[in-house]
Amino acid sequence: MAERDYNFTEIERKWQKKWDDEKAYLTKKDDSKKKFYVLEMFPYPSGRLHMGHVRNYTIGDLYSRFLRMNGYNVFHPIGWDSFGLPAENAAIKNNIPPLKWTADNIDHMKQQLKRLGFSYDWTKELATYRPEYYRWNQWAFVKMLEKGLAYKKKALVNWCGTCNTVLANEQAEGGVCWRCETEVVQKELEQWFFKITAYADDLLKGHAELEKGWPEQVLTMQRNWIGRSTGVMINFKTESGEDFPIFTTRPDTVYGVTFMVIAPEHPFLERVKDPKVKAFIEKLKNQSMIDRTSDDKEKEGIDSGLKIINPFNGDKVPLFVGNFVLMNYGSGAIMAVPAHDTRDFAFAKKYGIPVKIVIDNPKAPLDVKTMTDAYVDNGVCVNSGPFDGVSNRDAIEKIADYCEKQGIGKREINYRIRDWGISRQRYWGCPIPIIYCDKCGAVPVPEKDLPVVLPTDVDFKGDSVSPLTRMDSFVKAKCPKCGADARRETDTMDTFVDSSWYFAKFTSPGSKEMFDKEMVDYWMPVDQYIGGIEHAVLHLLYARFFTMVLNDLGILKCREPFTRLLTQGMVIKDGAKMSKSKGNVVDPDEIIARYGADTVRLFMLFAAPPQKDLDWSDKGVEGSYRFVSRVWRFVNRHADKYVKNSAVDASALTDGLKKIRTELHRTIKIVTGDIAEKMQYNTAIARMMELVNTLYQADEKEFDTEAGKKVISEVFDKLIPMLSPFMPHAAEELWETLGNTDMLVFRAWPGYIEELTKRGEIEIVFQVNGKIRAKEMVPSDITKEDMEKMAREHPRMKEITDGKQIVKVVVIPGKLVNIVVK
RNA sequence: GCCCAGGUGGUGGAACUGGUAGACACAAGGGACUUAAAAUCCCUUGGGCAAUUUGUCCGUGCGGGUUCAAGUCCCGCCCUGGGCACCA
């Protein structure tokens with residue numbers, strides 16, 4: 001048969017159109033099948049797809065196609081996370097309206113996704129910048145307001161001077177902006193917050209459900225971020241008898257308090273008159289958070305001159321102002337026990353504060369004079385009044401009990417996580433549906449008036465102030481309560497709000513309610529979510545929070561949105577993440593033009609397992625192309641021998657054909673396992689490459705025999721469908737070449753016959769004292785006894801063991817014989 | 001400092017619950033085809049030593065250990081990547 005060129009451009013276009021025409025990926029509710037929701041994190045429409053996207057979506061697509069072929073009703077949608085700063089920055093810089101910029105980018109990237117042949121149900125496409133989407137942001141906001149889960153407060157917030165907006169704590173980790181890495185400063189502003197702290201415990205408890213399906217690392221990161229700690233709020237007293245509460249996790253050390261430390265922002269300090277202390281407080285307040293909390297920063301403090309009284313022993317101790325105490329955790333002040341806390345110890349040494357031991361080491365009694373560091377291990381209470389002699393572990397509970405009984409304190413749980421600040425002083429986002437009235441205050445926009453539409457006829461003056469603030473037509477409004485003239489909120493929502501529920505919206509993008517109940521109940525939760533690990537405490541935490549809130553509102557049936565999570569590695573080149581600044585970006589379009597989408601997809605799956613970083617290699621891509629071409633050539637060369645559904649007569653096979661058949665069935669078995677259980681696509685491909693190598697090495701003449709034709713037909717019937725999730729276009733074309741009229745996308749995943757996966761002959765190893773001394777081919781059904789006999793009689797083995805005493809013989813069936821001699 | 005993950009040829013990466021280390025691919029070398037090149041197909045390829053088939057020793061970050069047998073398990077260290085780090 002004449003060999004055809006592998007014209008991938010034409011082939012790929014042809015099949016993309018056919019899939020479209022046949023509505024191959026359209027999804028419907030179907031109770032006869034098990035549902036499976038596969039989702040990749042939706043992209044921000046930055047303008048062009050990058051390799052990270054291609055990898056992410058290829059992994060999801062492979063899995064979707066595989067599951068579809070295995071009889072699942074697969075839901076695989078895609079959309080656009082299309083609010084956010086880049087659009088606005090582009091507007092300021094190039095004078096393109098954000099709406100146009102965004103819509104154009106979406107158009108372009110959509111074409112790119114289509115060119116890659118991903119099996120999305122495009123009828124479910126959504127974009128967060130559309131009013132019909134974000135009106136539900138607003139609706140949810142109002143609901144949360146009603147439930148007390150959204151509120152406004154004046155607070156110290158993270159301000160990024162480059163982005164000109166406030167950031168949530170999760171977005172300012174390490175004191176820098178998550179987007180542009182500018183150092184974040186603290187500003188006091190009126191801001192809207194979501195009360196994620198109310199769900200801190202739920203978010204932690206939910207982890208139990210996720211342990212099977214989420215990477216341990218992500219759960220750990222979330223656990224650390226939430227930072228639950230149990231302790232006691234103890235009421236110390238000021239000299240004038242006022243309460244001075246502090247939170248501690250170590251009530252067992254309360255008798256060892258020799259000073260207290262308070263945050264510089266604490267209102268309690270307003271009474272300080274000493275100018276030296278006041279100056280110090282001002283200095284600290286003006287330091288950025290990164291300065292104040294960076295690890296190499298020395299702990300600094302000053303004696304405020306005020307004294308605090310310990311309710312346990314009446315000790316009167318100095319109150320210091322310290323740079324390391326945080327206003328927004330606990331009560332903004334701490335008790336300090338230098339003898340048993342390393343930080344307190346260092347601070348006490350620096351400022352000459354006494355050290356008082358209250359937990360002694362039973363094995364080696366402590367001495368204040370010779371201590372060089374705090375004693376932080378367990379021990380026995382001393383100098384602790386009625387608690388002397390109690391082990392400090394027990395004392396923690398006993399002293400907590402005592403506090404509660406005496407009314408000088410109570411048990412409390414504190415969290416590190418703070419409420420989620422969602423106000424952004426930017427234009428290109430979802431308007432916060434609030435109207436400010438002088439009489440009625442902040443009034444939510446009534447449901448019937450939603451959505452508050454973001455005006456698109458805006459004028460960027462080139463400054464970085466949100467144009468909304470200057471737009472009278474937007475700002476001026478009537479108070480929904482009293483009808484008086486009022487002002488609209490001009491801040492927009494954090495774009496992480498948009499992405500906190502989009503996965504559920506895919507189930508019914510056009511619904512009249514937030515979701516179509518039937519559809520959302522049917523599809524949710526997402527069974528397999530795929531994306532980068534960088535969202536571990538951002539998107540993934542927010543989305544869980546939102547899902548819980550919507551669950552409590554009765555809108556969602558599930559409480560956890562993502563049953564399983566795969567965090568895929570980055571695509572790197574020359575040892576670094578692909579980025580414009582490093583100049584190591586590879587453009588997907590170029591590679592598709594040169595090798596075709598199937599090759600790109602194959603390479604993405606072959607070069608590394610999904611969880612690991614993937615090293616881009618031009619040569620490696622060529623290798624993938626070579627494989628696609630090898631398959632192409634082989635099938636075309638032997639297409640004329642294909643007989644559909646021909647039954648192989650096992651007894652009529654030559655050894656060569658038998659081997660091919662065994663390898664075929666083995667391959668199906670291994671590939672199926674690699675995809676379904678291990679999610680290890682690189683080895684699945686390697687295994688198929690081996691099979692193709694076997695086919696090439698076979699004696700071609702055999703394929704012309706009757707038996708040969710049947711074997712080759714069986715190979716095609718199974719190999720080509722098996723390849724189709726990896727290289728869908730080429731597989732369809734080859735399938736059609738064979739004269740088949742059905743499409744592989746509707747075909748079932750090939751099965752295998754267990755009996756046929758067993759090789760007739762296997763190689764076993766003979767060892768002496770664990771060292772390999774000989775190898776032999778034997779029938780695979782050889783008995784243990786025969787193996788041992790062969791090993792003992794093998795001339796080489798005899799030679800080595802000759803004259804030595806055989807201590808023991810270990811036989812592992814089908815593997816090896818080890819003769820142990822002395 | 002603490003908690004994870006990892007360290008395997010020149011390279012990316014394989015190796016089931018301990019049982020032939022290096023699958024598959026890239027690169028390199030050789031051969032076939034070709035006027036030539038590309039493409040393609042085939043072969044070799046962890047290192048050392050000796051050699052005719054072949055034999056033999058070393059080898060999965062380092063040092064110990066358990067075991068008939070260790071990349072895999074245990075103990076101690078080194079390095080890389082990631083997370084957490086004044087949260088009281």
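Computed from a predicted structure; not experimentally measured. Below, chain A is the first sequence line, B the second, and so on; all start at residue 1.
- Every residue two or more places apart in sequence or in another chain that forms a side chain to side chain contact (heavy atoms under 4.5 Å, CB included) with A:N224 is listed here: A:T220.
- Straight-line distance between the P atoms of B:G10 and B:U45: roughly 15 Å, to the nearest whole Å.
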Might you list the N or O atoms of the protein lying below 3.5 Å from N or O atoms in nucleotides 68-74 of chain B, with each pair's distance?
{"from": "B:C68", "atom 1": "O2'", "to": "A:N818", "atom 2": "ND2", "distance (Å)": "3.1"}
{"from": "B:C68", "atom 1": "O2", "to": "A:N818", "atom 2": "ND2", "distance (Å)": "2.6"}

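- Of the residues in residues 329-338 of chain A, A:Y329, A:I334 come within less than 4.0 Å of RNA chain B through at least one heavy atom, sorted by number.
- A centroid separation of 6.0 Å or more is found between the aromatic rings of A:W420 and A:F193.
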Fill in the blank from the handout: Read 5' to 3' with Watson-Crick or G-U pairs under 3.5 Å, [ ] for crossing pairs and | for partners on another strand, RNA chain B gives (((((((..(((......[....))).(((((.......))))).(((((...)))))..(((((..]....))))))))))))....
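- Taking the P atoms as reference points, B:G30 lies 46 Å from B:G65, given to the whole Å.
- Contacts with RNA chain B (heavy atom under 4.0 Å) in residues 249-262 of chain A: A:T249, listed by number.
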Problem - Sugar-phosphate or base contact per nucleotide [nucleotides 5-17 of chain B; S, B, -; heavy atom under 4.0 Å] - result: -------BSSSB-
Check: protein-nucleotides 52-59 of chain B nitrogen or oxygen pairs below 3.5 Å:
{"from": "B:G55", "atom 1": "O3'", "to": "A:R796", "atom 2": "NH2", "distance (Å)": "3.3"}
{"from": "B:U56", "atom 1": "OP1", "to": "A:R773", "atom 2": "NH1", "distance (Å)": "3.4"}
{"from": "B:U56", "atom 1": "OP1", "to": "A:R796", "atom 2": "NH2", "distance (Å)": "2.1"}

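- Backbone-only contact: A:S229 has heavy atoms under 4.0 Å from sugar-phosphate atoms and none from a base.
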Protein-nucleic acid N or O pairs under 3.5 Å, nucleotides 41-45 of chain B:
{"from": "B:C41", "atom 1": "OP1", "to": "A:R630", "atom 2": "NH1", "distance (Å)": "2.8"}
{"from": "B:C41", "atom 1": "OP1", "to": "A:R633", "atom 2": "NH2", "distance (Å)": "3.1"}

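- With sequence neighbours excluded, the residues forming a ring-ring contact (aromatic ring centres under 6.0 Å, His included) with A:W616 are A:F603, listed by chain and number.
- Between A:E216 and A:M689, the residue whose closest nucleotide on RNA chain B is further toward the 5' end is A:E216.
- At a threshold of 4.5 Å between non-hydrogen side-chain atoms, the residues A:Y696 and A:R633 count as touching.
- The side chain to side chain contact (heavy atoms under 4.5 Å, CB included) search around A:A686 returns A:F606, not counting sequence neighbours.
- The salt bridge (Lys or Arg N to Asp or Glu O under 4.0 Å) check on A:R630 picks up nothing, with sequence neighbours excluded.
- Here salt bridge (Lys or Arg N to Asp or Glu O under 4.0 Å) pairs that include residues 607-621 of chain A, with residues two or more places apart or in two chains, number zero.
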